[in-house]
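Chain letters run A, B, ... following the sequence lines, proteins first and then strands; every chain starts at 1.
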Protein chains: 2
Amino acid sequence: MKKIDIFKKLRSSGLRPTKQRVEIAKFLFERDKTFHFTIESLDKLLAKKTTSRFALATIYNTVHAFKNAGHLSEVDVRGKKTYFDTNITNHHHFYDNETLELIDIDASEVVIQKIPKAPNGKKIKNVEVFINLKN
Amino acid sequence: MKKIDIFKKLRSSGLRPTKQRVEIAKFLFERDKTFHFTIESLDKLLAKKTTSRFALATIYNTVHAFKNAGHLSEVDVRGKKTYFDTNITNHHHFYDNETLELIDIDASEVVIQKIPKAPNGKKIKNVEVFINLKN
DNA sequence: ATTCTAGTTTATAATTATTCTAAAGAGAAA
DNA sequence: TTTCTCTTTAGAATAATTATAAACTAGAAT
Ligand SMILES: [Mn+2]
Ligand SMILES: [Mn+2]
Ligand SMILES: [Zn+2]
Ligand SMILES: [Zn+2]
């Protein structure tokens, strides 16, 4: 993704392309593979890869702004920290319980033959498959 | 589950059957249907249903003791609080995003036809299916 | 360009969930 | 009983996250 697209993405989401948002967006979205992170890991990586300084609150604010704008999704992982995901398509995950890393599984790679019908008055919103890995 | 069995369960797990553990165990395990809870919800329910007082730390300690002894499992749910589950079998969940409640799905009710093979050097530990519900 | 304004960043405080601490209390072995 | 170890408890400490309010800045208006 090009810098110009980053600007468009922000503007179209009602987010001013500030220095911090652009830097974080470039770091998150200018990559080929999907990226899973926590606020803490992102903070450390940004410190390494950029010269700018970011208040932790700004990282929280920016990540939530991206999430609310639909540019990031959230993944449920056991543990206290919230995981975010640059892959916003419907997809599934391997979770490596040794390295604590998520690995994407494309929705097409999982076929479910049978699931129970939703309880009365409820509809199925989506189905998430989470595959725990061990060595 | 009878009180005598509660005692056995505790003893066999290396847990002394103290007043608090027995009361919590009776509340959690003497029921027909599975029960999903957070520490906070358990605390409130115990306050309602029993006359004893429990320090919050005791509820944390006791629930973790039961979990470590294999009498409770933990479920990943979006949000900050940890969910526990009296169902310790392999099973899946509906999650009602309106009421924030978990509903059990027996493993036999889900048939997965195709999943990707585990990454190199890794094995699949278990597969969790999480079905989000909406109205 | 300069001014203006709403939105943003920042440092710090507050909050929430959870864990730790150390003193007092209670099972249970001897 | 006496003793010993484990447990409970209140409160402090920690960790992740959110709130606050002052300083700053992007973009619009002048
Ligand atoms: Mn989680
Ligand atoms: Mn969770
Ligand atoms: Zn993903
Ligand atoms: Zn369950």
Side-chain angles (χ1 to χ4, degrees), chain A residues 3-4 6-27 36-47 50-69 71-72 74-84 100, chain B residues 3-4 6-27 36-47 50-69 71-72 74-84 100:
Chain A
K3 191 172 183 177
I4 186 75
I6 295 279
F7 271 69
K8 275 186 196 163
K9 175 182 277 197
L10 294 182
R11 287 220 182 292
S12 68
S13 307
L15 300 174
R16 281 190 188 171
T18 62
K19 175 164 157 279
Q20 287 80 359
R21 283 181 183 154
V22 171
E23 284 231 59
I24 294 175
K26 285 172 64 180
F27 182 77
H36 301 97
F37 63 94
T38 65
I39 298 293
E40 189 191 19
S41 72
L42 178 58
D43 182 40
K44 283 180 182 158
L45 291 168
L46 285 171
T50 78
T51 58
S52 315
R53 308 282 315 287
F54 300 85
L56 199 54
T58 298
I59 301 180
Y60 274 99
N61 288 343
T62 301
V63 167
H64 281 119
F66 287 156
K67 190 197 156 198
N68 292 336
H71 302 315
L72 289 175
E74 199 179 319
V75 187
D76 289 322
V77 178
R78 184 117 58 214
K80 291 160 224 162
K81 294 180 204 162
T82 302
Y83 278 72
F84 295 92
L100 307 184
Chain B
K3 189 171 185 179
I4 185 76
I6 296 280
F7 271 71
K8 274 188 196 160
K9 176 184 275 198
L10 295 182
R11 288 223 179 289
S12 67
S13 307
L15 301 173
R16 280 188 189 172
T18 61
K19 176 164 156 277
Q20 287 82 358
R21 283 180 183 154
V22 171
E23 284 232 58
I24 295 175
K26 284 173 66 180
F27 183 77
H36 301 97
F37 63 94
T38 64
I39 297 293
E40 190 191 18
S41 71
L42 178 58
D43 182 39
K44 284 179 181 159
L45 291 169
L46 285 170
T50 78
T51 59
S52 315
R53 309 283 315 287
F54 300 86
L56 199 53
T58 299
I59 301 181
Y60 274 99
N61 288 343
T62 302
V63 166
H64 281 119
F66 288 156
K67 191 197 153 197
N68 292 335
H71 301 314
L72 289 174
E74 199 179 319
V75 186
D76 289 322
V77 178
R78 185 116 61 214
K80 291 159 222 161
K81 294 180 205 161
T82 302
Y83 278 70
F84 296 91
L100 308 184

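Distances shown here put every side-chain N or O of B/Q20 at or beyond 4.0 Å from the OP1 or OP2 atom of C/dA26. A sub-4.0 Å separation between OP1 or OP2 of C/dT8 and a side-chain N or O of A/T58 is absent. Of the side-chain N and O atoms in B/T38, none sit less than 4.0 angstrom from OP1 or OP2 of C/dA17. For B/H64 and C/dT19, the shortest distance from a side-chain N or O to OP1 or OP2 is below 4.0 Å.
Side chain of B/H71 to backbone of B/K67: no donor-acceptor contact under 3.5 angstrom is found.
Salt-bridge check for B/E23 with B/K19: failed, with every basic side-chain N at 4.0 Å or more from each acidic carboxylate O.
Scanning DNA chain D 5' to 3' for nucleotides with an atom closer than 4.0 angstrom to a non-hydrogen atom of chain B gives a first and last hit of D/dT5 to D/dA10.
You'll find that the side chain of B/A57 is closest to C/dC20, out of C/dT10, C/dC20, C/dA17.
Nearest-nucleotide positions on DNA chain C place A/L56 closer to the 5' end than the other of B/Y60 and A/L56. Mapping B/F84 and B/R16 onto DNA chain C by nearest heavy atom places B/F84 closer to the 5' end of the strand.
Following rounding to the nearest Å, A/K80 (NZ) and C/dT18 (P) show an atom-to-atom distance of 9 Å. Here C/dA17 presents its P atom at 11 Å from OH of B/Y83, a figure rounded to the nearest Å.
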